[in-house]
Amino acid sequence: MRSFLRSALFIVLIPVSVLGIWIVALNLGANSLLRRRRPDPSDPPSNYGIDFEEVHFPSRDGLNLVGWWIPHDNALGTIIMCHGQNGSMDGDTRQMPPLHEAGFNVLMFDFRAHGRSEGESVTMGMYEKEDLLGAIDFLGTQYGVTEIGLLGFSMGAATALIATALSDRVCAVVADSSFGRLKRTLAAHSVQRGIPAFIVRPVIDWVVNLASIRTEGRLDQIDPVRWTVHTRKRPILFIQGRRDHLVSRRDLKKMANRAPGFTEIWLVEGAGHREAYDVNPDEYNRRVVMWFKTYLVNSERIVA
């Protein structure tokens, strides 16, 4: 009898244990995705001999965001820089001086749950779009800026593409290493960290679903491949490293092909995810500055 009970208990414990492990894995995955990020080391524009003003403004859903306003005395236009999902705006300061030297005002800011800004959850663009739209609103009300260029990196690039579909003030975009489909990029990241692909695929679906429930949103609806078709005729420069294994080349081409306006893809030899600037900074700066001088300064927009 005792042997029978032990066997029955063992049979019951197996599925219960598997279910418990599954629940723990999903929660760990959702926590990792949503957690507030550790900021990059402080790197203000003053480190580059450039004056700036710390600014505070609300996201469209009411969070307090912190940024740096870097004005130019004879500005050709205004560019917002949108950082990626790790670190803070400090990590991108080194890419700001060429824009300022070329004659542009620049606004840098921390997305929610990053750096100095409020917020506890990173949503990979779902709510970050509210931050970027708040930044666009702020430039209009505070400085009278009505035409804006966006330079985004990774999550910031994805957010820039979403915001371009939602704001008629965006005139030109540079999207560096934007993912096309969030789940595909999360899966690729997990595989790179050594998790078997056959485990990753079902887990990612459930992690995104759980994260959506926690944030009362739809993370499965933020894929830029869904949004670029709505960017009207805004010119978009896509930058991606040829060795970027986190962003699908097929999705990159889909985004470029679906955008109604002029698009260009620059694939950088020897560069991985977000490494284009590191591999060839001079060419990177030349292309980005020329893009904004061509399509932001000399903007002949056709608004659909």
Side-chain angles (χ1 to χ4, degrees), residues 20-43 56 58-67 81-93 108-135 152-160 162-163 176-195 199-224 244-247 272-274:
I21 293 170
W22 178 256
I23 291 172
V24 169
L26 294 184
N27 277 281
L28 288 174
N31 291 343
S32 178
L33 178 62
L34 299 175
R35 64 178 171 77
R36 185 176 180 88
R37 302 305 198 254
R38 184 187 300 274
D40 288 308
S42 178
D43 191 21
H56 297 249
S59 66
R60 282 202 177 169
D61 57 352
L63 287 181
N64 181 58
L65 307 176
V66 181
M81 294 178 64
C82 308
H83 66 77
Q85 61 88 24
N86 266 331
S88 56
M89 61 180 170
D90 302 81
D92 301 322
T93 312
M108 303 178 65
F109 74 97
D110 287 324
F111 281 115
R112 65 185 60 208
H114 289 82
R116 304 154 187 82
S117 292
E118 290 183 345
E120 295 303 323
S121 295
V122 174
T123 62
M124 302 303 292
M126 182 178 69
Y127 289 131
E128 285 78 7
K129 72 179 185 300
E130 305 299 323
D131 302 342
L132 182 48
L133 293 172
F153 311 102
S154 194
M155 179 194 75
T159 305
I162 296 170
D176 182 344
S177 305
S178 173
F179 61 83
R181 301 179 191 274
L182 176 61
K183 290 181 180 179
R184 184 172 290 172
T185 292
L186 293 177
H189 176 67
S190 299
V191 170
Q192 275 195 344
R193 298 180 67 179
I195 302 174
I199 295 176
V200 165
R201 293 190 182 98
V203 170
I204 290 297
D205 284 341
W206 282 93
V207 165
V208 170
N209 290 339
L210 179 57
S212 297
I213 292 170
R214 287 189 183 180
T215 56
E216 300 180 346
R218 291 290 302 275
L219 271 77
D220 59 331
Q221 297 295 315
I222 65 171
D223 294 342
D244 187 345
H245 301 299
L246 298 181
V247 176
H273 187 68
R274 267 225 63 184

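What's counted below: heavy atoms across the whole structure, side chains too, no hydrogens, waters or symmetry copies.
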Of Glu130, Arg218, Arg214, Glu128, the residue whose pairing with Thr123 passes side-chain hydrogen bond (donor to acceptor under 3.5 Å, both in side chains):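 Exactly one candidate clears the test, Glu128.
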
Spacing of [X] atom [atom1] and [Y] atom [atom2] [to the nearest 0.5 Å]:
{"X": "Asp92", "Y": "Arg274", "atom1": "CG", "atom2": "CZ", "value": "4.5 Å"}
{"X": "Leu34", "Y": "Ser121", "atom1": "CG", "atom2": "OG", "value": "5.0 Å"}
{"X": "Ile162", "Y": "Leu132", "atom1": "CD1", "atom2": "CG", "value": "9.5 Å"}
{"X": "Asp40", "Y": "Asn86", "atom1": "CG", "atom2": "CG", "value": "8.0 Å"}
{"X": "Phe111", "Y": "Met89", "atom1": "CZ", "atom2": "CE", "value": "12.0 Å"}

[X] versus [Y], closest heavy-atom pair with distance:
{"X": "Leu33", "Y": "Ala211", "value": "CD2-CB, 3.9 Å"}
{"X": "Val122", "Y": "Ala113", "value": "CG2-CB, 3.8 Å"}
{"X": "Pro224", "Y": "Ala158", "value": "CG-CB, 3.6 Å"}
{"X": "Ala30", "Y": "Leu210", "value": "CB-CD2, 3.8 Å"}
{"X": "Ser117", "Y": "Leu65", "value": "OG-CA, 3.3 Å"}
{"X": "Asp223", "Y": "Gly180", "value": "CB-O, 3.2 Å"}

Is it the case that the side chain of [X] and the backbone of [Y] share a donor-acceptor pair, with hydrogens and angles ignored and the cut-off at 3.5 Å?
{"X": "Tyr127", "Y": "Arg112", "value": "no"}
{"X": "Ser88", "Y": "Pro39", "value": "no"}
{"X": "Thr159", "Y": "Lys129", "value": "no"}
{"X": "Asp110", "Y": "Arg116", "value": "yes"}
{"X": "Arg36", "Y": "Gly119", "value": "yes"}
{"X": "Thr93", "Y": "Asp90", "value": "yes"}

Would Val208 and Leu186 count as a side chain to side chain contact (heavy atoms under 4.5 Å, CB included) if you check the C-alpha gap in whole Å, the side-chain angles of each, and the deciding distance to 0.1 Å? CA-CA 9 Å; Val208 170; Leu186 293 177; 3.9 Å; yes

Electrostatic pair Lys183-Asp205, nearest N-O below 4.0 angstrom: yes

List in chain and number order the residues that pass side chain to side chain contact (heavy atoms under 4.5 Å, CB included) with Asn64, two or more places apart in sequence or in another chain; answer none if no residue qualifies.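 For Asn64, the residues satisfying side chain to side chain contact (heavy atoms under 4.5 Å, CB included) (neighbours in sequence not counted) are His56, Val66, Glu118.
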
Any non-hydrogen side-chain atom of Leu182 less than 4.5 Å from a side-chain atom of Met126? no

Intermediate values then yes/no, side chain to side chain contact (heavy atoms under 4.5 Å, CB included), Met155 and His114: CA-CA 12 Å; Met155 179 194 75; His114 289 82; 4.2 Å; yes

Using the test side-chain hydrogen bond (donor to acceptor under 3.5 Å, both in side chains), find all partners of Arg37 that sit at least two apart in sequence or belong to another chain. Gln85

